[in-house]
Amino acid sequence: MFEKPETTAEAPIEIARYAVFGQPIAHSRSPAIHRMFAQAEHVALRYDAIEASPAEFPRKLAQFAADGGRGANITLPLKSAAHVACRTHGAHAQRSGVANTVTRRDDGTWHGDNTDGLGLVADIAERHRLDLRGRRTLVLGAGGAAQAVLSALLEAGVESIVIANRTPERADALADRIGEPSRVHTAYWDALRDAGAFDFVLNATSAGHAGSALDLPFSLFAPRALAYDMNYGKAAIGFTAWARAGEAGHVVDGLGMLVEQAAESFRIWHGRRPDTEPVYQQLRRETAA
Ligand code: NDP
């Protein structure tokens, strides 16, 4: 994408290195997104996809640093390991215990942030122009993605959050970690039929990747409710079809969140937030094709 920079005998120009770590990683859109941002913002960088298991991650992150790596995005299943690898943390990473963005400091240590929640809120509030304030919220799932976004949702002013997870103990552990018992509660998945209606239903499960249906009642949707699936592409088909059938007022998939969380990472590394709309439109065309 960038011309190879000219070098002189005295001072070869080094291109800053960035990467996304995960397993599997070949499918990741992060390299394409960051290269598009960099081109638009005239930032020279190299951005790779690096496969690593949780056991391999510390060694591969250290190798990346030794090779000049300055920052990395972190995806499944490494977000907890990334949090552990960081000496210091931003507020959302601190509160959630998972990091999706790591930045190398001058002293060689790593700083961890989590931009998933800010990305979700930016997509809802700015792209879709929906106000989160006062919404009674249901979060389906209690994995890394749910963990990452709760603090940003609370900050954005949702009234309350009910977490329901297939494995209820994980929902309880997540609610305990957030530590806001007046606003964050849990419910058994099977009891959702009696849980009333919600203004915002967030699918943070990975069920769609396996094509599994969630088997939930339409009574979960209050009038004009927002149904948001963090998944996108084929993995979002089941939940979004269910939400449309249940006449949710707004039905949104997670493609915008993906682009917005990447823009937040870009801002952390390069000091400015790129225009996300052209990249979002490009990815939307690609996922529709
Ligand atoms: P995890 O593996 O950490 O958690 C998966 C969650 O899904 C768990 O709560 C799990 O429940 C639940 N689950 C899986 N299968 C089923 C099922 N058949 N029925 C009900 N619940 C199920 O994944 P993450 O939390 O990291 O990611 C969740 C999803 O969000 C992924 O699909 C990921 O691609 C997407 N995501 C999107 C982002 C974006 O930018 N748009 C950012 C981050 C994630 P249990 O605990 O019982 O196993």
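Below, all heavy atoms of this structure are taken into account, side chains as well, without hydrogens, waters or symmetry copies.
Under a 3.5 Å cut-off, the side chain of Arg135 and the backbone N or O of Asp199 do form a donor-acceptor pair. With hydrogens and angles disregarded, no donor-acceptor distance shorter than 3.5 Å links the side chain of Arg136 to the backbone of Glu159. Remark: the backbone N or O of Val98 is paired with a side-chain donor or acceptor of Asn114 at under 3.5 angstrom. Under a 3.5 Å cut-off, the side chain of Thr115 and the backbone N or O of Leu118 do not form any donor-acceptor pair.
No side-chain heavy atom of Ser219 sits under 4.5 Å from any side-chain heavy atom of Arg193. At least one side-chain heavy atom of Phe239 sits less than 4.5 Å from a side-chain heavy atom of Val201. For the pair Glu286 and Leu283, the minimum side-chain heavy-atom distance is below 4.5 Å.
Across all their heavy atoms, Ser30 and Ser28 have their closest contact at N-OG, 3.1 Å. In terms of heavy atoms, Leu78 sits closest to Ala52 at CD1-O, 3.5 Å. Pro24 and Glu51 get closest at one heavy-atom pair: CA-OE2, 3.9 Å. Looking at every heavy atom in both residues, Ile74 comes nearest to Ala99 through CB-O, 3.7 Å. Looking at every heavy atom in both residues, Thr287 comes nearest to Arg29 through CG2-NH1, 3.9 Å. Listed here is the closest heavy atom pair of Leu138 and Ala164: CD1-CB, 4.3 Å.
Applying the side-chain hydrogen bond (donor to acceptor under 3.5 Å, both in side chains) rule to Asp116 yields the partners Lys79, Asn100; only residues at least two apart in sequence or on another chain are considered. Asp215 pairs by the side-chain hydrogen bond (donor to acceptor under 3.5 Å, both in side chains) definition with nothing, not counting sequence neighbours. Considering only residues two or more places apart in sequence or on other chains, Gln147 meets the side-chain hydrogen bond (donor to acceptor under 3.5 Å, both in side chains) condition with none of them. For Phe64, the ring-ring contact (aromatic ring centres under 6.0 Å, His included) criterion is met by Phe21, not counting sequence neighbours.
Interatomic distance, Glu41 CD to Met36 CE, rounded to the nearest 0.5 Å: 13.5 Å. Annotation: the span from Leu214 atom CG to Asn203 atom CG amounts to 5.5 Å, rounded to 0.5 Å. One distance of note links CD of Gln23 with CG of Leu76; it measures 10.5 Å at 0.5 Å rounding. Rounding to the nearest 0.5 Å places CD1 of Ile33 at 10.5 Å from OG1 of Thr276. One finds the CG atom of Asp67 at 12.0 Å from the NZ atom of Lys60 (value rounded to the nearest 0.5 Å).
Under the 4.5 Å side-chain contact rule for hydrophobic residues, Val162 and Phe218 share a cluster. Grouping the Ile, Leu, Val, Met, Phe, Trp and Tyr side chains by contacts below 4.5 angstrom, directly or via other members, places Ile25 apart from Leu61.
Identified under the ring-ring contact (aromatic ring centres under 6.0 Å, His included) test for residues 263-289, with sequence neighbours left out: Tyr18-Trp269, Tyr18-His270, His34-Trp269, Phe37-Phe266, Phe266-His270. For residues 163-176, every residue pair satisfying the side-chain hydrogen bond (donor to acceptor under 3.5 Å, both in side chains) rule, not counting sequence neighbours, is listed here: Asp172-Thr186. Sorted by first and then second residue, the pairs that involve residues 119-133 and meet salt bridge (Lys or Arg N to Asp or Glu O under 4.0 Å), not counting sequence neighbours, are Asp123-Arg127, Arg127-Glu260, Arg127-Glu277, Asp131-Arg133. Among residues at least two apart or in separate chains, ring-ring contact (aromatic ring centres under 6.0 Å, His included) pairs with a member in residues 79-117 are His83-His89. The stretch residues 157-197 participates, sequence neighbours left out, in no ring-ring contact (aromatic ring centres under 6.0 Å, His included) pair at all.
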Practice task
Might you work through the side-chain contact (heavy atoms from CB on, under 4.5 Å) test for Arg284 and Asp253, ending with a clear yes or no?
Solution key: CA-CA 11 Å; Arg284 182 62 73 196; Asp253 73 11; 2.8 Å; yes

Exercise for the section: Test Asp113 against Glu264 for side-chain contact (heavy atoms from CB on, under 4.5 Å), laying out the working first. Expected result: CA-CA 10 Å; Asp113 287 291; Glu264 284 296 326; over 6 Å; no

Handout entry: Working for side-chain hydrogen bond (donor to acceptor under 3.5 Å, both in side chains), residues Thr109 and Asp107
Key = CA-CA 6 Å; Thr109 63; Asp107 66 1; 2.7 Å; yes

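Counting non-hydrogen atoms of neighbouring residues, nucleotides and ligands closer than 6.0 angstrom, the CZ atom of Arg177 exceeds 12 such neighbours. More than 12 heavy atoms of other residues, nucleotides or ligands sit less than 6.0 Å from atom CZ of Arg272.
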Mind listing the side-chain donor-acceptor pairs of residues 240-250 below 3.5 Å, one per line with the distance, residues two or more places apart or on another chain?
| residue | atom | partner | partner atom | Å |
| --- | --- | --- | --- | --- |
| Thr240 | OG1 | Ala236 | O | 2.6 |
| Thr240 | OG1 | Ile237 | O | 3.3 |
| Trp242 | NE1 | Leu216 | O | 3.0 |

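For the residue pair Asn73 and Ser265, a side-chain donor N or O sits within less than 3.5 Å of a side-chain acceptor on the partner.
Cluster partners of Val251 are absent, since no Ile, Leu, Val, Met, Phe, Trp or Tyr has side-chain heavy atoms less than 4.5 Å from it. With side-chain heavy atoms closer than 4.5 Å counting as contact, directly or through intermediates, the hydrophobic cluster containing Leu226 also holds Leu120, Val121, Ile124, Leu130, Leu132, Val139, Val149, Leu150, Leu153, Leu154, Val158, Ile161, Ile163, Leu174, Ile178, Val184, Phe200, Leu202, Tyr228, Met230, Val252, Met257.
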